S.K.: 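My questions will all concern the structure given below.
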Amino acid sequence: MASSPSGAAPSEAPPAPPRSPLDRYFKITERRSTIGTEIRGGLTTFFTMSYIIVLNPLIIGTVPDSTGHYLGGGTEPNLALVAAATALVAGVLSILMGAVANFPIALAAGLGLNAVVAYSIATLPGMTWADAMGIVVLEGLVILVLVLTGFRTAVFKAVPREIKVAISVGIGLFISLIGFVDAGFVRPGNPVLQLGIDGSLAGWPLLVFSLGLLTAIVLMVKKVRGGLLIAIIGTTVLAIVVELVANVGLLDAENPTGWKLNTPALPDSLVEVPDFSLLGQFSLFGAFGKIGVVAVALLVFSLLLADFFDTMGTMVAVGAEAELLDDEGNPPNMERILVVDSLAAVAGGAGSVSSNTAYIESASGVGDGARTGLASVVTGLAFLVATFLSPLVDMVPSEAAAPALVVVGFLMVMQVSGIDWKNYEIAIPAFLTMILMPFTYSITAGIGAGFIVFVVIKVAVGKAKAVHPLMWVAAALFVAYFALGPIKDAIGI
């Protein structure tokens, strides 16, 4: 079981009665939390994932479609346009998740999915950005149907408990790696990955990250409430001071010791009026006439499978850290969580910002004490405010937010004791699930490998009848998913 936000074992005393309508609605006292803790946790999650407001425009806003036009229809990138829509959709969907599902998960444009849309869909011959976003909407509608028919929930319940634990542990390793990579502490090289720059921790940004990580660790060990949020804010202030004094600049080929994503600096102004004109710029069926029914079906399938199982992993990991899972590893209000997540895919396409999905960075807020949907509402409100205060969001460099990911990764890996390592039939699939998430930089790949190997082992030892029918279906789908490249080549897309 994951530790409580203070690091102590959860209390066995019965929860106090609710104190207000807000408390009753979100079950704050029942889940042994407070309104202040939920607000703090929601803000921690926001600062940990606010990078998407900057990063999503850099991924989908800088790639022209096959006609040479960028998102918004212009012949030049308009990153502010994409940033405003990214924050708006993330805000609305995070509020919806908190208010409807009462679960501490925030949503935003999915990394990886946005790259697929930008580089593999919008650039296909004849395709426009509107056509590409129409495919995203279609994918979301298909997932919504799978949820409403009970199929998605049934697949989730068919997964063995120890595989669910492995998913959570694997995501812990994965988000720790994300934290180290986002800070530049781990970089490509030697020959795959290396420490810092040529094996050294050179440059002010890496020093700032290291001090931020040490601060977050010490605050956690000392059981300081709000430690992660304190570390993010404190490290941001340090980064601004460092930039003012040392004039570090952004990382590039000529400045390998620069800041990774954005330069921490006091903004010239705090408020900018957002432009939401990207909303609704999608063509639901436009792609069919451009690339054909088979190609559209394959593209929808590839997006769908990643969305389908990424959320499963995130839901388990966050629920485990918040101590909200039942004995079978299922979170409360699971169908509501999945419905909102499905609507997020639709909304992301309709908002022209790519499919929105549940963010594993939500675990940072849970690590700071969040236990209810109120935290997600707070995160969503912060995203809405960010549509007007984008200069303020730009103040937080990735080096200041990344330490929270590393610390939360540790908390999630603690669950590894829940796996029976002497039982090879479950331990080997669990092991592959865990290590392939960080090794392939993909939650979906880790889950897929675990599912396939679990089924193969059960067949090999004569226990095929013990495999739930839906695990057979999921394993078969993953075989097709891993072979999508050759399949696409075979049909010429």
Side-chain angles (χ1 to χ4, degrees), residues 52-90 92-93 108-143 261 272-307 344-357 387 390 484-493:
I52 194 62
I53 302 174
V54 178
L55 192 54
N56 195 47
L58 292 177
I59 294 174
I60 67 172
T62 58
V63 178
D65 59 26
S66 68
T67 69
H69 291 85
Y70 294 85
L71 271 171
T75 55
E76 295 291 337
N78 189 336
L79 302 189
L81 199 69
V82 184
T86 297
L88 176 66
V89 176
V92 172
L93 268 299
L111 287 174
L113 292 171
N114 54 5
V116 171
V117 175
Y119 298 106
S120 300
I121 299 179
T123 54
L124 289 172
M127 290 285 283
T128 66
W129 270 109
D131 297 329
M133 292 302 170
I135 287 179
V136 174
V137 174
L138 284 173
E139 176 254 336
L141 291 173
V142 172
I143 288 189
L261 183 60
E272 288 185 358
V273 178
D275 181 350
F276 298 131
S277 59
L278 272 184
L279 303 182
Q281 292 192 22
F282 69 98
S283 175
L284 190 59
F285 301 111
F288 288 92
K290 307 288 180 60
I291 58 176
V293 175
V294 174
V296 169
L298 278 174
L299 291 173
V300 168
F301 174 72
S302 61
L303 291 175
L304 182 149
L305 208 60
D307 246 353
V346 176
S352 299
V353 295
S354 183
S355 178
N356 273 229
T357 189
T387 63
S390 57
L484 271 179
I487 292 173
K488 289 179 181 179
D489 291 341
I491 65 174
I493 66 168

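Source: prediction; values computed, not measured.
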S.K.: At what distance, to the nearest 0.5 angstrom, does CE of M127 lie from OG1 of T67?
M.R.: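 Here the interatomic distance stands at 11.0 Å.
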
S.K.: Report the C-alpha distance between V117 and M133 in whole Å, list the side-chain angles of each, state the deciding distance to 0.1 Å, and finish with yes or no for side-chain contact (heavy atoms from CB on, under 4.5 Å).
M.R.: CA-CA 8 Å; V117 175; M133 292 302 170; 4.3 Å; yes

S.K.: Would you sort out whether Y70 and N78 count as a side-chain contact (heavy atoms from CB on, under 4.5 Å), showing the intermediate values?
M.R.: CA-CA 8 Å; Y70 294 85; N78 189 336; over 6 Å; no

S.K.: Grab the two heavy atoms, one from G61 and one from P77, that are nearest each other, plus how far apart they are.
M.R.: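 So the minimum-distance heavy-atom pair works out to O-CB, 3.3 Å.
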
S.K.: Are the side chain of T86 and the backbone of V353 linked by a donor-acceptor contact shorter than 3.5 Å?
M.R.: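 Pair absent, no side-chain N/O of T86 close to backbone of V353.
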
S.K.: Short question: side chain of W129, backbone of V63 - any donor-acceptor pair under 3.5 Å?
M.R.: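 The answer is yes, because a donor-acceptor pair under 3.5 Å joins these two groups.
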
S.K.: Please tell me if the side chains of F282 and T128 come closer than 4.5 Å, counting only heavy atoms from C-beta onward.
M.R.: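 Result no, sub-4.5 Å side-chain heavy-atom pair not found.
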
S.K.: With a 3.5 Å distance limit and no angle check, can you tell me whether T387 reaches the backbone of L88 through a side-chain donor-acceptor pair?
M.R.: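 Not at all, since once roles are kept as given, no pair shorter than 3.5 Å links the two residues.
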
S.K.: Show the nearest heavy-atom pair for residues V89 and G351, with the distance to one decimal.
M.R.: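 Scanning both residues, the minimum pair turns out to be CG2-CA, 4.4 Å.
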
S.K.: Determine whether K290 and V296 make a side-chain contact, defined as any pair of heavy atoms from C-beta on separated by less than 4.5 Å.
M.R.: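 The answer is no; the side chains never approach within 4.5 Å.
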
S.K.: S66 side chain to P125 main-chain N or O, any donor-acceptor pair under 3.5 Å?
M.R.: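 The answer is no, because no donor-acceptor pair under 3.5 Å joins these two groups.
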
S.K.: Looking at CD1 of I121 and CD1 of I135, how far apart are the two atoms once the value is rounded to the nearest 0.5 Å?
M.R.: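 So the gap between those two atoms works out to 5.0 Å.
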
S.K.: Roughly how far, to the nearest 0.5 Å, is CG of L278 from CD1 of I60?
M.R.: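 Separation between the atoms: 8.0 Å.
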
S.K.: As an exercise, state the distance from CG of L71 to CG of D65, rounded to the nearest 0.5 Å.
M.R.: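 Atom-to-atom, L71:CG and D65:CG are 8.5 Å apart.
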
S.K.: Using 0.5 Å steps for rounding, measure from the CG atom of L93 to the CG atom of N356.
M.R.: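 If we round to the nearest 0.5 Å, L93:CG and N356:CG are 5.5 Å apart.
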
S.K.: Taking the side chain as C-beta and beyond, is there a heavy-atom pair between E139 and S355 under 4.5 Å?
M.R.: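 When only atoms from C-beta onward are counted, S355 and E139 do touch, with a gap below 4.5 Å.
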
S.K.: Whether the side chain of D275 engages the backbone of V273 through a donor-acceptor N/O pair (distance < 3.5 Å, no angle test) should be reported.
M.R.: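 No; zero donor-acceptor contacts below 3.5 Å.
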
S.K.: Knowing that exactly one of L299, L138, V142 qualifies, which makes a side chain to side chain contact (heavy atoms under 4.5 Å, CB included) with L304?
M.R.: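 Testing each of L299, L138, V142 against L304, the sole residue satisfying side chain to side chain contact (heavy atoms under 4.5 Å, CB included) is V142.
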
S.K.: Out of curiosity, L124 CG to Y119 OH, how far, rounded to the nearest 0.5 Å?
M.R.: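 That separation rounds to 14.5 Å.
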
S.K.: Main chain of I53, side chain of N56: is a donor-acceptor contact present, judged purely on distance under 3.5 Å?
M.R.: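 The answer is no, because no donor-acceptor pair under 3.5 Å joins these two groups.
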
